[in-house]
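To start, the structure itself, in structure tokens.
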Amino acid sequence: MSTARLTGILVRLKLSLLRGGLRRSGGRTAVFVVSLVFASLAAAGLLLGLVLLRGHAQAATVAVLLAGVLAAGWAVLPLFFPGGDETLDPSRLVMLPLRPGPLVAALLGASVVGIGPLVTLCLAVGAVLAVAHGAVAAVAAVAAVPLLLLVCLALARAVAAANIRLLTSRKGRDLALLSGLLIAVGLQFLNFGLQNLGRAGGLSALRPAAEVVGWLPPAAAVAAVDAAGEGAYGEAAARLLLTGLALAGLLWWWQRSLTRLMTSPDSSTLGAAPTRDRSSSGLHRLLPEGRTGAVVLRTLRYAWRDPKTKGAWVTALAIGLIVPVLNALQGTGSVYFACFGAAMLGMLTYNQFGQDHSGFWMVAQTISTARDAYQELRARALAILLVTVPYTVLVAAVTAAVMDRWDAVPEVVGLSFALLGAMLATGALASALFPYSIPQDSAYKNVAPGQGAIAWLSLGGGLVASLVTALPVLALAVWLHVSGSGALWTVLPAGAAYGALTAWAGVRLAATRTADRLPEILAAVTRG
């Protein structure tokens, strides 16, 4: 089969997959239309903005760096959203009589169809228009635009083909769930960088970075257009040649990955690896015997193995550290922002039973009295504390070090412990009184349809109740500040004792409610 014919077949296949997916779900159709509209508006806006930059002293800096960011986005896109395009998975074609060479060319042609390539094309056109001056630059721009687009597409496909078995495994789904975390972290660093950029003198501070990125494909294609406009024809040719070689290298890597994928066995054709008993190793040996140790170990294993639970834990750990530290680095924060770390992990105590998904029915079989429920909730709280207590101290120490406020560490840690104890108490109560189901069929849905109000009441009401519960320790800290006393260190033992007492009382109260409402909780968390 010729490459042109195969390309046409794969393009029609991609369009058929898209059309069939939209027909199956009205919601998916609405999301696609909204995404298309917003992506088109964003692309048009960026294109117009780049055109308006034409003639600006830093136009080349912006265009080159934008091309570099665009390529980085295409490189990580298949790792974070492997389910966004069915044709990203070449393993579906392994049984067809197709050679890797023509298949690569056909898949690259089919890759042009989509919202992402449309936005990339608009940005590529805008980038070269911003820096193209003169007839030679215009000729270079004609070559630079398709090179930039094809390098981005080939990069995404090559990365997907090289990692397809990871992306279709449980670990790959874990990675997709963590994409939201990386986006949130990236936005924090972007905000920090933009603020520093304003203080450093504007876009001119980015010129050294643009000079480096300008030699990295596909940004080198945009830099080639700029060089051609300035009369550096040899440099322009070298940059275009470098981009072309990069495209050839990516296609070779992609073809090699396809060959290996089509000819090598996978886990479905290999014998299962021997298992070993881990019950007597690691953390298990440090935990107490009986229900407490078993529940703590189960909770921590859920946090490591379940994709959604892992995503919640990692997000809480990362954001809880990044927010206070970045605000401290910017000079706009406070050492008391370190309490944010304890609050982020404390939020994991809400809807504890819903986090077990359908597996909670097995836990429910072991709860027949209020004492059983108390032991279950106490062990879950202990699992949270094993991570949260050292993490809280770490966040407070790092924030204090950045702001040079070591004297405030005992007070901040005491306030954090008081808030954490209050959240453990209200989280246990909210889990018993306002349970809801967490869907497993979607990586980004955390509440089952029809239970949104319950989720908001659980989390929102619990947070308000936690702040009110922690007020006595906060009042103590304020009074010590106002009185000018040198005994602020007493907030640490007071906060620790108050947090422990509050958590114990809340868990005891929640245990009775859990035992009484166990059928309703089971029905709520296993819904759907």
Side-chain angles (χ1 to χ4, degrees), residues 295-296 299 303 309 312-313 315-317 319-320 336 338-356 360 363 367 370 373-389 391-392 413-438 446-447 451-477 491 494-518 520-521 524-525:
V295 174
V296 170
T299 302
T309 307
W313 271 88
T315 300
L317 289 169
I319 301 301
Y336 299 102
C339 297
F340 189 75
M344 286 297 297
L345 286 179
M347 291 172 63
L348 298 175
T349 63
Y350 294 88
N351 195 35
Q352 298 177 49
F353 306 132
Q355 295 172 17
D356 293 352
F360 178 68
V363 177
I367 299 176
Y374 170 70
Q375 292 177 343
E376 175 75 22
L377 290 170
R378 182 186 62 184
R380 290 176 183 247
L382 178 59
I384 295 286
L385 290 174
L386 286 176
V387 178
T388 307
V389 170
Y391 173 79
T392 299
V413 173
L415 290 171
S416 298
F417 284 168
L419 178 61
L420 177 60
M423 296 188 76
L424 289 174
T426 57
L429 283 169
S431 298
L433 298 176
F434 309 108
Y436 55 90
S437 175
I438 300 177
N446 292 314
V447 183
Q451 294 183 321
I454 298 177
W456 279 109
L457 183 60
S458 173
L459 185 58
L463 290 176
V464 173
S466 299
L467 293 175
V468 173
T469 305
L471 279 179
V473 178
L474 178 61
L476 172 63
V491 177
Y498 183 82
L501 179 63
T502 303
W504 172 81
V507 169
R508 294 285 294 187
L509 184 60
T512 303
R513 301 294 187 274
T514 300
D516 293 341
R517 303 188 68 253
L518 190 59
E520 292 87 347
I521 296 173
V525 302

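Reckoned from all heavy atoms, side chains included, excluding hydrogens, waters and symmetry mates.
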Return the [atom1] to [atom2] distance between [X] and [Y], rounded to the nearest 0.5 Å.
| X | Y | atom1 | atom2 | value |
| --- | --- | --- | --- | --- |
| Thr469 | Met423 | OG1 | CE | 10.5 Å |
| Leu429 | Leu424 | CG | CG | 11.0 Å |
| Leu345 | Leu420 | CG | CG | 8.0 Å |
| Gln352 | Thr514 | CD | OG1 | 8.5 Å |
| Arg380 | Leu385 | CZ | CG | 14.5 Å |
| Arg513 | Glu520 | CZ | CD | 13.0 Å |

- Task: Test side-chain contact (heavy atoms from CB on, under 4.5 Å) on Leu459 and Phe434 and set out the steps.
- Result: CA-CA 9 Å; Leu459 185 58; Phe434 309 108; over 6 Å; no
Do [X] and [Y] have side-chain heavy atoms sitting under 4.5 Å apart?
| X | Y | result |
| --- | --- | --- |
| Ile438 | Val525 | no |
| Phe353 | Leu377 | yes |
| Phe360 | Ile521 | yes |
| Thr388 | Leu348 | no |

For [X] and [Y], which heavy atoms make the closest approach, and how far apart are they?
| X | Y | value |
| --- | --- | --- |
| Gly414 | Val473 | O-CG1, 4.4 Å |
| Ala494 | Leu476 | CB-CD2, 3.8 Å |
| Ala503 | Ala425 | CA-CB, 4.2 Å |
| Ala524 | Pro435 | CB-O, 3.7 Å |
| Ala373 | Ala515 | CB-N, 4.3 Å |
| Thr315 | Met344 | O-CE, 4.4 Å |

Is the backbone N or O of [Y] less than 3.5 Å from a side-chain atom of [X], with the two atoms forming a donor-acceptor pair by type?
| X | Y | value |
| --- | --- | --- |
| Tyr436 | Asn351 | no |
| Gln375 | Val295 | no |
| Thr349 | Gly346 | yes |
| Ser458 | Ile454 | no |

Handout entry: Residues Leu467, Leu419; criterion side-chain contact (heavy atoms from CB on, under 4.5 Å); working and verdict
Key = CA-CA 7 Å; Leu467 293 175; Leu419 178 61; 4.1 Å; yes
- Stepwise side-chain contact (heavy atoms from CB on, under 4.5 Å) test for Trp313 and Ile384: CA-CA 10 Å; Trp313 271 88; Ile384 295 286; 3.6 Å; yes
Practice problem: Answer with yes or no whether the side chains of Thr426 and Tyr350 bring together a donor and an acceptor at under 3.5 Å. | Solution: yes
